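What you see is a predicted model, and the numbers here were worked out from it, not measured in a lab. We use all heavy atoms of the structure for the numbers below, so side chains are in, but hydrogens, waters and symmetry mates are not. Numbering of ligands and ligand atoms starts at 1, following listing order.
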Amino acid sequence: MENKNITFPKGFLWGSATSAPQTENMGPINIGGKSETIWENSFKNDPDRYFEQRFCEGDFYNRYKEDIKIAADLNFNSLRFSISWARLVPDGINVNLEAVEFYKNVFNECKKYNIKVFVVLNHFDHPMWVMEQGGWENKKTAQDFAKYSSIAFEKFGDLVERWVSFNEPVGIIEGQYWYDVHPPFENNFKKGISAMLNLNLAHALSLQEFRKSGLSTEFGLILNITLAVPRSKSESDVKASKIADLFQWKCFMDTAYWGKFPNELYDLLVERDLWPSSINIADYNKEFLKEKIDFLGVNYYSPLRVKSLDYEPVFDESRSQVTPETHFYQKYEMPGRRMNIYRGWEIYPKTIYSILMRIKEEYENINCFISENGMGVQNEERFRGENGMIQDKYRIEFMAEHLMWIAQAISEGSSCNGYHMWTYIDNWSWINAYKNRYGFIELDLTTPDNVRREKLSASWIRNVIKENKI
Ligand code: BG6
């Protein structure tokens, strides 16, 4: 691609994504009237699962003013948070007034700096009482989620510009039921499919509540659209990539956008005896909304390269030990690929362009933005310069390349209207804890008061936003 100055459209949304469980103080002591979440419970019972046995040491709950000022100093015009369900409605019935006050304070603080507030209602965490009733496998959880959503709309509706039901619902299924990385750390394919249906339903019910609330702001969904790229043009590789797309994004995108669970995925699962017998697809399809989301958030880090299976998959009797990546397609390692070795993710910026063009072509160019993109790096202290600042040139390069491809897509008519990085201050990354750091701002956990220090990328992004160009 030609290397030149590129200006972004006026009003382009610049900012960052964060989430409650990764930043608020969710530690062993539940401050502010919050109830226990699946993460706290899992860490309490099995700390060895977590890198260096570390749990979230974030202190946003007490230092939100300072952190929002940092966002303002970076010239952000928008910022994404998630609300903790366990904080707002700790027992599922009573609203926690301390939580209402806390989130109102946070959102009002953003207003002071003209920062638009985007709120996600669920970012990989839910209260333990939800887990105890069967989590996302239980249809009732979808109804409870709708109730919780309506409380959030009522309490914060006037302070939030964009609402999102879920961040990466596929990540919930993969993490909780298929690949053993989120509590309850199960390997059970069919449970994952039940959860997929109930998450889709929870999204639809939440959107319904939003429309009922009469708010004139927008409601959307955030998906991790890895985009399955086939190894070759052979029929079997292309077929494998189409199946990967069904599992990766169409299961949510098509259901939320066209109001119907994709037939191809349903047929495929029924054919292999992988459909949960308790789920009647016609009943669910009746409950999904024909009404479309107002916008789509695209989280993109890495492409999903796939090839057809080079072995015959074995389906166990109960069909529990099945995963998409072992029974439907295999991951393909492209020779010479560029890697983020710390996270094990390929770096391939052009895919962000391909995703945006597919949204344009296949989903009526729905209003969208890049809701996450970023680079997690281990041991960043080794890049500290003489002035004490981490010289994260790799992060600047990563962002610049992705932004160039975003600009290319916009020039070809993509509706993409923003770019949020994951994330502006280093934070806790689930079972990877503090292994990989993503921020423009270093969070120095070796200091007693968790000092925040700018990295080189902070001044770069500040300037890009100021100029609205790269
Ligand atoms: C996204 C999630 O999938 O990736 C974030 O929405 C997460 O919560 C981010 O932190 C980076 O991944 P990780 O596992 O390295 O933290």
Task: Close side-chain approach of R162 and L13, heavy atoms under 4.5 Å - done: yes
Task: Within 6.0 angstrom of K242 NZ, more than 12 heavy atoms from elsewhere - done: no
Task: Atom indices of ligand 1 within 4.0 angstrom of H123 heavy atoms, with elements - done: 2 (C), 5 (C), 6 (O), 8 (O)
Task: Shortest protein heavy-atom distance from atom 11 (C) of ligand 1, along with the residue and atom involved - done: Y438 OH, 3.3 Å
Open item on the list: Parallel, tilted or perpendicular, judged at 30° and 60°: which one describes the rings of Y438 and Y301?
Closed with: perpendicular
- [ ] Could you tell me if the ring centre of F440 sits under 6.0 Å from that of Y424?
- [x] no
Open item on the list: Between F166 and H203 (judged by ring centroids, cut-off 6.0 Å), do the two rings come close enough to count as a pair?
Closed with: no
- [ ] Identify the heavy atoms of R87 and I31 that sit nearest to each other, and give their distance.
- [x] NH1-O, 3.1 Å
- [ ] Report the nearest protein non-hydrogen atom to atom 9 (C) of ligand 1: residue, atom name, distance rounded to 0.1 Å.
- [x] Y301 OH, 3.4 Å
Task: Within-cut-off N or O pair, W430 and ligand 1, under 3.5 Å - done: yes
TODO: Around atom 2 (C) of ligand 1, find the nearest protein heavy atom and jot down its residue, atom name and distance.
DONE: E372 OE1, 3.4 Å
Open item on the list: With a heavy-atom distance limit of 4.0 Å, tell me whether W345 approaches ligand 1 through its side chain, its backbone, both, or neither.
Closed with: side chain
- [ ] Answer with side chain, backbone, both or neither: which part of N167 has a heavy atom less than 4.0 angstrom from an atom of ligand 1?
- [x] side chain
- [ ] If you have a sec, work out which protein heavy atom is nearest atom 16 (O) of ligand 1 and how many Å separate them, to one decimal?
- [x] S429 OG, 2.6 Å
Open item on the list: Counting only nitrogen or oxygen atoms and a 3.5 angstrom limit, does R343 reach ligand 1?
Closed with: yes
Task: atom 10 (O) of ligand 1 - nearest protein heavy atom and its distance - done: Q22 NE2, 3.0 Å
Open item on the list: Are F81 and F118 an aromatic pair, judged by ring center distance below 6.0 Å?
Closed with: no
